[in-house]
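Reading through the C-alpha cells given below for one structure.
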2 protein chains.
Amino acid sequence: MADVATLAGVSSQTVSRVANNRQNVDSATREKVLSAMQTLGYRPNTAARALVTGRFGALGVISFDVGAHGNARTLGAIADAAREADFSVNFMGVRAQTEAAVRHAFQHLMLQSVDGIVLVESQMLDTPSLRLPPSMPVVVADGDTGHEYPHVDFDQAHGSQSVVSHLLGLGHRTVWHLAGPADSFAARRRAESWRRTLTDAGAPVPPVVYGDWSARSGYRAGLDLAHRPEVTAVFAANDQMAMGLMRALHEAGRSVPGDVSVAGFDDIAEAAYLVPPLTTVHQDFEVVGKHCVALLLDQIEGRTDGPRRRAVEPVLVVRSSTAPPRPGAPA
Amino acid sequence: MADVATLAGVSSQTVSRVANNRQNVDSATREKVLSAMQTLGYRPNTAARALVTGRFGALGVISFDVGAHGNARTLGAIADAAREADFSVNFMGVRAQTEAAVRHAFQHLMLQSVDGIVLVESQMLDTPSLRLPPSMPVVVADGDTGHEYPHVDFDQAHGSQSVVSHLLGLGHRTVWHLAGPADSFAARRRAESWRRTLTDAGAPVPPVVYGDWSARSGYRAGLDLAHRPEVTAVFAANDQMAMGLMRALHEAGRSVPGDVSVAGFDDIAEAAYLVPPLTTVHQDFEVVGKHCVALLLDQIEGRTDGPRRRAVEPVLVVRSSTAPPRPGAPA
DNA sequence: CTTCAATATGTTGACGTAAACATACCGACC
DNA sequence: GGTCGGTATGTTTACGTCAACATATTGAAG
C-alpha cells in the first residue's frame, strides 16, 4: 500500500479510501491511485484489514454429508448468497450426528475467523438441545426449531399439506405416507403435517410406512403397498423413494396414476422426466440461502429487530403421476 | 492476549509460545497460561497471526454446480483432507462454463486470503487453455491435463478399460457405449479408453450413443438400443444413465443380464440396490481430496520435487448386471 | 569459584490497514 | 472581506500476534 501511495503521490490513507470505495475522493486522484494499483499489482491484505476492523468477511457453514442432495444444494445457495454480500464461505463437514462433532466443527470455525456460522442441521443430534459457545452469531437451517438460534427452513408442513389436499381433492378416500427416516427433522415435519391434514379432513389415517430416503427403500415399501387394493394414493416424503415406489407398483402390475396416484417431495432434476412425470413439491434453495445469510448479517451487524424465523414456501408441482381414483375402486 | 498474560503473570510472548505449542516453556508456566486462557475464554486472533506470518490457513475451492454428485463428493473430500492439515476451506461456486467466470471466482478468492486454490474443473471452459493470475498455488482436479498446473483425477482410462475388458472377457463380441456429454473431461476420457480397449482387442467399435449423465437420457438411449438384437453388452459412462438404460431394456422385454449386460461408472450409493445390482466402477473421493491438498501444500511450502500429477485408480465392482452372452445370441 | 552452555522468559518492533483526528483548500454568504 | 461549512487529503495511532533479540536463571564442567 505504501508503494502505491508513493507512486500515486498521495498518502496511504487516500489509497485506503480508494480501495474501500469511499466517496470523498477526487476523481482525478482516484484515477491516479487506481492506475498505480494496477501497475504494482496491489491486492489489499485481508488479514490486516480484519485486524483493524474486527471483521473477517467470512461465514462458516457446518453441514452433514454434502453427498446428500439437499445439503449440497443448501451449501451452494448459501455460498452464492454470501458472495452477493461480499462474504466468503468457510465450509466444514461433519460426519457423526453428535453434538460433540458439531461443537468440534464449531470450535474449528471460530478459530478460523468467521463472522458467523450457518449450521445445516438436517439430522437430529444425540442430544436434544444444542448448546454452542456464545459470542458467535449462528443461524440454523433445516434443523430443530427448539433451540435459541434464528432458523431458516422450508415450510414442510405447508408442502405436505398441499400434496395431501391435492390428492384428497382428486377424490381419494385417504392418502398413504411413505416417510423418511425418524432422525430427520424434515421427515418428521412432513409426516406430522400429512397426519394433521388427513384428520382435519376427516379422512382415515393409514399406518405410516418408513423408508430411508433411498429409491431402494421406496421400492421395498412399494412391493408391500402394491398388494393392498385399498391403496389408491401414496405421498412419498422425497422423490427418490417415490421413484422406487413407482417402479415396484409398475412391476406389480398396478398402473400409475391409473390404479395408484404417487406424489413426491423435492422436485429433483429427474422428477419431470420420470414415467410418468412426478407430481412433487418444488423447493427453492436459493431463497433459503439468501435468508440464512440475511439473518446472519442481522446478528453480525447488531440488528435485533429482524425476524428470527424464516419459512420458505415450497410449491406443489402437479404433473402426471396423480389422478382421480378409478371409478369403482375399493373404498 | 495481554489479559491472559497479566492473569498468568507472564509476558504476552510466553502466552504466544504456549498458544503455538513451542517446546521451551516450563510445564508449570504452561499450565498457568492454559488455565488463564480457559478462564478468560481466550481465542487467538487469526487475522493478527496471518498478518505476521503471511499465512492464512485457508484453501480455496472453486467448483461448478455442487448439486452434481461428483462435485459435491470432491468438495467434501477436499474439506476433510484440508482439516487434517489444519486448513479451512473457502468455497466458491461457479455457474457459467467460461474462463471469465472461473477467473472472477479466482480473483475473489485471492482477495479472501487463501494460501492456495483447488479448481474442480469437471467441465470444459469456453477457452482451451486456462490462464490464471500467477503468484497463487493452484491444483486442478477432474479437469484438463493440458495446462500448467498440477493435476489430480481418477484414472478414467483404467476404469473404462477394466469395464470393457470384463465384458469382453465374459465372451461378448463387442461392447456398446453410452457416453456422457461432450463437454465433460471425464466423459471424454471414458469414451476414448472404451474405444481403445475395443480396438486393442480387435473387437468392432459400435457407434457411440450420447447421453447427458441423467437417468432420463439413459432411458431414451435404452429405448433405441433395446430394438437392436446385436446389442448384448452396454457400458454406460455413469450409473444414472445405466439405471435409465436398464429400465428401458426391462420395459422392452430384454432381461438384464440375460439378454443384455449393463455396466455403469461411479458406484453411487444406490448401485448395489438396483435390480439387478449394478456392475460399476468404484471411485474413492477421499483419496482425491487428500492428493489435492497434498499437492497444494507442496506448492505453498515451496517444495518443487513432488509429483505434479496424481491419478487415483478406480476399482471395478462386479455385481449381477453383467454375465456371459446367452448361448446362440446373434454374433 | 569461575566460566560456559542451555533453558526459560521478557522486551521491542513490525506486519498492512482503517479509524480518528488534524489540516488545507474552496466557495458562499452576510 | 471575514466567517463559515463542506470537501479533499494528510498524520497519527492501534489492532493482536510473532520473530528477533535481550536478559535472567540454572546446572555442569573446569
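All values below were derived from every heavy atom in this structure, side-chain atoms included, with hydrogens, water molecules and symmetry-related copies excluded. The chains referred to below are lettered A, B, ... by the order of the sequence lines, with proteins before strands, and numbering in each begins at 1.
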field: Polar contact flag, side-chain donor to acceptor under 3.5 angstrom, Q283(A)-D266(A)
entry: yes

When you measure from the side-chain N and O atoms of [X] to the phosphate of [N], is any distance below 4.0 Å, counting only OP1 and OP2?
| X | N | value |
| --- | --- | --- |
| N45(A) | dC15(C) | no |
| T14(A) | dG10(D) | yes |
| T29(A) | dT9(D) | yes |
| R55(A) | dT17(C) | no |
| R22(B) | dA19(D) | yes |

Quick one: [X] [atom1] to [N] [atom2], roughly how many Å, whole number?
| X | N | atom1 | atom2 | result |
| --- | --- | --- | --- | --- |
| R49(B) | dA19(D) | CZ | P | 9 Å |
| L51(B) | dG13(C) | CG | C1' | 13 Å |
| E31(A) | dA8(D) | CD | C1' | 16 Å |
| N20(A) | dG16(C) | CG | P | 17 Å |
| R17(A) | dT7(D) | CZ | C1' | 11 Å |
| F56(B) | dG16(C) | CZ | C1' | 11 Å |

When you get a sec, tell me which of [options] is the closest nucleotide to the side chain of [X]?
| X | options | result |
| --- | --- | --- |
| D26(A) | dT9(D), dA8(C), dT17(C) | dT9(D) |
| V25(B) | dT9(C), dC18(D), dA18(C) | dT9(C) |
| T53(B) | dT9(C), dC18(D), dG16(D) | dC18(D) |
| Q13(A) | dA18(C), dC15(D), dC18(D) | dA18(C) |
| P44(B) | dT17(D), dT11(C), dA8(D) | dT17(D) |
| A48(A) | dT17(C), dA8(C), dT17(D) | dT17(C) |
| V10(B) | dG10(C), dA18(C), dT11(D) | dG10(C) |

task: Could you tell me whether F285(B) and F154(B) have their ring centroids closer than 6.0 angstrom?
output: yes

query: Do the charged groups of R95(A) and D80(B) touch, with an N to O distance under 4.0 Å?
result: yes

field: Presence of donor-acceptor pair under 3.5 Å, side chain of R43(B) and base of dG16(D)
entry: no

message: Mind checking if N24(A) touches a base, just sugar-phosphate, or nothing, with heavy atoms under 4.0 Å?
response: base

task: Mind running side chain to side chain contact (heavy atoms under 4.5 Å, CB included) on D142(B) and E121(B) for me, showing each step along the way?
output: CA-CA 6 Å; D142(B) 293 359; E121(B) 203 175 2; 5.6 Å; no

query: Is there side-chain contact between L7(A) and L40(A), with heavy atoms separated by less than 4.5 Å?
result: yes

- request: Would you mind telling me which residue lines up with the more 5' stretch of DNA chain C, V15(A) or R30(B), judged by nearest nucleotide?
  value: R30(B)

field: E286(A), H291(A), K290(A) screened by side chain to side chain contact (heavy atoms under 4.5 Å, CB included) with V312(A), the one that passes
entry: H291(A)

